[in-house]
Undergrad: 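Pasting a structure below so you can have a look.
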Amino acid sequence: MLDFAIFAVTFLLALVGAVLYLYPASRQAAGIPGITPTEEKDGNLPDIVNSGSLHEFLVNLHERYGPVVSFWFGRRLVVSLGTVDVLKQHINPNKTWEKKKALPAKAESISSVSCIISDDLLSEELLDKWLSYPESQHVPLCQHMLGFAMKSVTQMVMGSTFEDEQEVIRFQKNHGTVWSEIGKGFLDGSLDKSTTRKKQYEDALMQLESILKKIIKERKGRNFSEHIFIDSLVQGDLNDQQILEDSMIFSLASCIITAKLCTWAVCFLTTYEEVQKKLYEEIDQVFGKGPVTPEKIEELRYCRQVLCETVRTARLTPVSARLQDIEGKIDKFIIPRETLVLYALGVVLQDPSTWPSPYKFDPERFDDESVTKTFSLLGFSGTQECPELRFAYMVTTVLLSVLVRRLHLLSVEGQVIETKYELVTSSKEEAWITVSKRY
């Protein structure tokens with residue numbers, strides 16, 4: 001079985017859970033401002049739980065103690081960085097593991113062609129479904145976006161096998177079980193305390209592995225007219241275990257990031273009508289009545305700004321982490337070797353000293369080249385962005401190009417969408433919208 005410690009460390013906050021189990025504890029606080037352990041065994045875990053999430057805990061901690069703060073996770077010292085200035089002292093805070101470099105460039109590049117063709121078809125399928133609804137029909141946005149993302153990712157990674165609706169549903173069920181435990185069970189240790197949950201997690205992970213191993217075996221040494229993500233891994237200089245790990249990581253992470261980016265983008269468009277109007281005008285100018293093509297996708301400059309602002313405003317991935325492999329210095333503070341360093345990206349993305357009017361949804365802020373450079377530094381755009389986020393940008397761009405060209409996306413009056421901060425930020429409850437035809 002693909003063990004948690006092998007793949008979870010490669011994605012976002014899952015790294016936190018891994019290093020807590022794999023490395024010895026340190027009690028050296030190094031003089032960094034912060035709080036002492038609430039409990040000897042659990043450190044400040046009770047404070048995190050009481051805050052509602054790790055992100056909300058870090059917001060409060062940075063407000064009290066400044067850009068560099070410390071706390072205790074169990075018996076381990078943790079340092080959190082909460083401004084762009086201190087993050088600049090770490091290369092690409094959104095990067096989680098050097099092994100990512102092993103991912104063949106070709107595996108990422110196929111998103112520019114095959115991904116667009118596939119996602120255009122899936123987007124048109126969703127459009128037809130929404131066009132069939134009466135204008136008063138409330139659409140369950142989160143549910144539809146998750147289903148859309150699952151289809152997009154599974155077909156891109158694993159091919160036509162996942163054109164079967166039942167295959168996608170089975171994958172979605174197992175994916176949900178595994179992802180929920182990566183986000184919670186390993187972090188707080190609760191998974192080991194529940195034999196039922198642990199068995200469900202292990203069974204779901206085993207089923208996902210079995211699917212991937214079968215497809216990897218089928219694709220090895222053969223040529224297919226349909227080129228998929230796994231083909232690029234198979235053709236690269238990777239062994240079977242690396243292929244399995246990379247395809248598992250990409251499948252798990254891309255589904256959630258894509259689903260949530262699509263959801264938040266549509267939510268913001270329903271709230272900010274002027275932004276939706278400007279996006280429609282750009283889409284109409286670029287595509288007219290013609291098809292969505294890779295060449296024209298590149299012309300959607302404002303659409304990309306909308307997506308970047310969606311990531312920033314929603315704080316799509318609010319926390320990332322890496323291990324301090326050698327003793328280092330941040331600001332005036334010494335960071336001991338093997339200290340877990342968190343990147344409080346959710347704090348940084350709402351810092352008024354970096355982002356004027358930080359709580360305002362304003363895609364045009366990315367007209368400023370310095371803003372774009374800062375966003376890239378954080379790992380959310382440019383050469384620093386991870387393959388999963390790059391894929392999500394492409395899929396969401398295609399989806400919006402199809403939907404906004406034909407539909408007005410409208411909010412449901414009186415609905416208040418509350419935020420749940422996990423590995424990837426989502427809404428606490430279902431988000432509902434309505435749609436009306438443009439033509």
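These numbers come from the heavy atoms of this one structure, side chains and all, not from hydrogens, waters or symmetry mates.
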Undergrad: F148: which residues meet the ring-ring contact (aromatic ring centres under 6.0 Å, His included) condition with it, sequence neighbours left out?
TA: none

Undergrad: Quick one: pull up CG in N174 and CG in D203 and give me the separation to the nearest 0.5 Å.
TA: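 N174 atom CG to D203 atom CG measures 9.0 Å (nearest 0.5 Å).
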
Undergrad: Hey, is E202 close enough to K199 for a salt bridge, meaning N to O under 4.0 Å?
TA: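 So E202 does not pair with K199 through a salt bridge.
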
Undergrad: Run the side-chain contact (heavy atoms from CB on, under 4.5 Å) test against E369 and tell me which residues pass, sequence neighbours left out.
TA: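 side-chain contact (heavy atoms from CB on, under 4.5 Å) check on E369 returns K373.
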
Undergrad: side-chain hydrogen bond (donor to acceptor under 3.5 Å, both in side chains) with E299: which residues, sequence neighbours excluded?
TA: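 For E299 there are no side-chain hydrogen bond (donor to acceptor under 3.5 Å, both in side chains) partners, ignoring immediate neighbours.
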
Undergrad: Can you list every ring pair (Phe, Tyr, Trp, His ring centres under 6.0 Å) pair that touches residues 294-321, not counting sequence neighbours?
TA: none

Undergrad: Answer yes when R322 and E338 have at least one side-chain N-carboxylate O distance shorter than 4.0 Å, and no when they do not.
TA: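 Judged by the 4.0 Å cut-off on N to carboxylate O distance, R322 and E338 do not form a salt bridge.
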
Undergrad: Among residues two or more places apart or on two chains, list those pairs meeting ring pair (Phe, Tyr, Trp, His ring centres under 6.0 Å) that have a residue in residues 34-60.
TA: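 Ring pair (Phe, Tyr, Trp, His ring centres under 6.0 Å) check on residues 34-60 returns H55-Y421, F57-F71.
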
Undergrad: Looking only at side chains, do H62 and T83 share a donor and an acceptor under 3.5 Å apart?
TA: no

Undergrad: If you define the side chain from C-beta out and look only at heavy atoms, does anything of C267 sit under 4.5 Å from I417?
TA: yes

Undergrad: For K151, what residues pass the side-chain hydrogen bond (donor to acceptor under 3.5 Å, both in side chains) criterion, not counting sequence neighbours?
TA: E125, E165

Undergrad: For a side-chain contact (heavy atoms from CB on, under 4.5 Å) check, start with the C-alpha distance between V371 and T374, then their side-chain angles and the critical distance, and finish with the verdict.
TA: CA-CA 5 Å; V371 171; T374 297; 5.7 Å; no

Undergrad: Where do S53 and E56 land on the side-chain hydrogen bond (donor to acceptor under 3.5 Å, both in side chains) test, with the steps shown first?
TA: CA-CA 5 Å; S53 69; E56 290 159 301; 2.6 Å; yes

Undergrad: Out of curiosity, L349 CG to L316 CG, how far, rounded to the nearest 0.5 Å?
TA: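 Result: 9.5 Å between the selected atoms.
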
Undergrad: Please determine, by modelled atom types, if Q305 and D367 share a side-chain donor-acceptor pair under 3.5 angstrom.
TA: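 The answer is yes; a qualifying pair exists.
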
Undergrad: Counting heavy atoms not belonging to N239, are there more than 12 under 6.0 Å from its CG?
TA: yes

Undergrad: Side chains of V306 and T310, heavy atoms from C-beta outward: is any pair under 4.5 Å?
TA: yes

Undergrad: Roughly how far, to the nearest 0.5 Å, is CD1 of I48 from CH2 of W72?
TA: 13.5 Å

Undergrad: Any non-hydrogen side-chain atom of I32 less than 4.5 Å from a side-chain atom of I335?
TA: yes

Undergrad: Identify, with sequence neighbours excluded, every residue that meets side-chain contact (heavy atoms from CB on, under 4.5 Å) alongside Q143.
TA: P140, E430

Undergrad: Please identify each residue that fulfils ring-ring contact (aromatic ring centres under 6.0 Å, His included) with Y393, with sequence neighbours left out.
TA: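 Expected list: none.
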
Undergrad: Treating T396 as the side-chain partner and L261 as the backbone partner, does any N or O pair qualify as donor plus acceptor under 3.5 Å?
TA: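 Checked: no pair found.
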
Undergrad: By side-chain hydrogen bond (donor to acceptor under 3.5 Å, both in side chains), which residues pair with S357, not counting sequence neighbours?
TA: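 Result, side-chain hydrogen bond (donor to acceptor under 3.5 Å, both in side chains) vs S357: none returned.
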
Undergrad: Taking the side chain as every heavy atom from C-beta outward, state whether S427 and C142 have any atom pair closer than 4.5 Å.
TA: yes

Undergrad: Got a sec, which residues hit side-chain hydrogen bond (donor to acceptor under 3.5 Å, both in side chains) with T270, two or more places apart in sequence or on another chain?
TA: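 T270: no side-chain hydrogen bond (donor to acceptor under 3.5 Å, both in side chains) contacts found.
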
Undergrad: Without swapping roles, check the side chain of S411 against the backbone of T271 for a donor-acceptor pair under 3.5 Å.
TA: no

Undergrad: Does the pair L252 and V178 meet the rule for a side-chain contact (heavy atoms from CB on, under 4.5 Å), with working shown?
TA: CA-CA 8 Å; L252 286 170; V178 172; 4.1 Å; yes

Undergrad: To the closest 0.5 Å, what do you measure between SG (C255) and CZ (F171)?
TA: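 Nearest 0.5 Å value for the SG-CZ distance: 4.5 Å.
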
Undergrad: For I230 and M158, which heavy atoms make the closest approach, and how far apart are they?
TA: CD1-CG, 4.0 Å

Undergrad: Between E309 (side chain only) and R365 (backbone N and O only), is there a donor and an acceptor less than 3.5 Å apart?
TA: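 It does not hold such a pair.
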
Undergrad: With heavy-atom distances below 4.5 Å as the criterion, would you say the side chains of H227 and S232 are in contact?
TA: yes

Undergrad: Calculate, to the nearest 0.5 Å, the distance between atoms CD and CG belonging to Q242 and L233 respectively.
TA: 10.0 Å

Undergrad: Please find the pair of heavy atoms, one from S254 and one from E388, that lie closest to each other, and give the distance.
TA: OG-CG, 3.4 Å

Undergrad: State, to 0.1 Å, how close L58 and A344 come at their nearest heavy-atom pair, and which atoms those are.
TA: CD1-CB, 4.1 Å

Undergrad: M156 versus F391: any side-chain heavy-atom pair under 4.5 Å?
TA: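 Answer yes - side chains close enough.
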
Undergrad: Not counting sequence neighbours, which residues clear ring-ring contact (aromatic ring centres under 6.0 Å, His included) with Y272? List them please.
TA: F361

Undergrad: Do L377 and L87 touch side chain to side chain, with heavy atoms closer than 4.5 Å?
TA: no

Undergrad: Kindly indicate whether the side chain of M248, heavy atoms from C-beta on, has any atom under 4.5 Å from the side chain of L205.
TA: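 With C-beta onward as the side chain, the pair touches.
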
Undergrad: Using salt bridge (charged side-chain N to carboxylate O under 4.0 Å, His left out), reason through E429 and K420 one step at a time and then give a plain yes or no.
TA: CA-CA 9 Å; E429 306 291 342; K420 179 170 65 174; over 6 Å; no

Undergrad: Could you go through the side-chain contact (heavy atoms from CB on, under 4.5 Å) check for C303 and L279 one step at a time?
TA: CA-CA 6 Å; C303 184; L279 178 60; 3.6 Å; yes

Undergrad: Before accepting this row, confirm whether a basic side-chain N of the pair K278/E364 lies closer than 4.0 Å to the acidic partner's carboxylate O.
TA: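 Yes, charged N to carboxylate O under 4.0 Å.
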
Undergrad: Decide, yes or no, whether a salt bridge links D240 with K220 under the criterion of side-chain N to carboxylate O below 4.0 Å.
TA: yes

Undergrad: If I take atom CD from residue Q200 and atom OG from residue S194, how far apart are they, to the nearest 0.5 angstrom?
TA: 7.5 Å

Undergrad: Can you confirm if the NZ or CZ of R312 lies within 45° of the ring axis of W355 and under 6.0 Å from the centre of its six-membered ring?
TA: yes

Undergrad: Of the options L399, V404, L403, T397, which is the one that meets S401 in a side chain to side chain contact (heavy atoms under 4.5 Å, CB included)?
TA: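 Passing option: T397.
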
Undergrad: Which atoms form the tightest heavy-atom contact between I216 and I243, and what is the distance?
TA: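 Nearest pair, atom of I216 first, then I243: CD1-CG2, 3.5 Å.
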
Undergrad: Would you tell me whether S251 and H175 have side-chain atoms, one donor and one acceptor, within less than 3.5 Å of each other?
TA: no

Undergrad: Search all heavy atoms of T263 against all heavy atoms of M145 and return the closest pair with its distance.
TA: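 For T263 and M145, the tightest heavy-atom pair comes out as OG1-CB, 3.3 Å.
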
Undergrad: Do you know the tightest heavy-atom contact between D246 and F229?
TA: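 The answer is O-CE2, 4.3 Å.
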
Undergrad: Is the closest basic N to carboxylate O distance between E327 and R337 below 4.0 Å?
TA: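 So E327 does not pair with R337 through a salt bridge.
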
Undergrad: Return the set of residues passing side-chain contact (heavy atoms from CB on, under 4.5 Å) with Q172 (not counting sequence neighbours), or none when no residue passes.
TA: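 Scan of Q172 (side-chain contact (heavy atoms from CB on, under 4.5 Å), adjacent residues dropped) gives L146, M150.
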
Undergrad: Quick one: does any side-chain atom of S70 pair with a main-chain N or O of P33 as donor and acceptor, under 3.5 Å?
TA: yes

Undergrad: Is there a side-chain contact (heavy atoms from CB on, under 4.5 Å) between D120 and V402? Walk through the geometry before answering.
TA: CA-CA 7 Å; D120 187 33; V402 171; 3.4 Å; yes

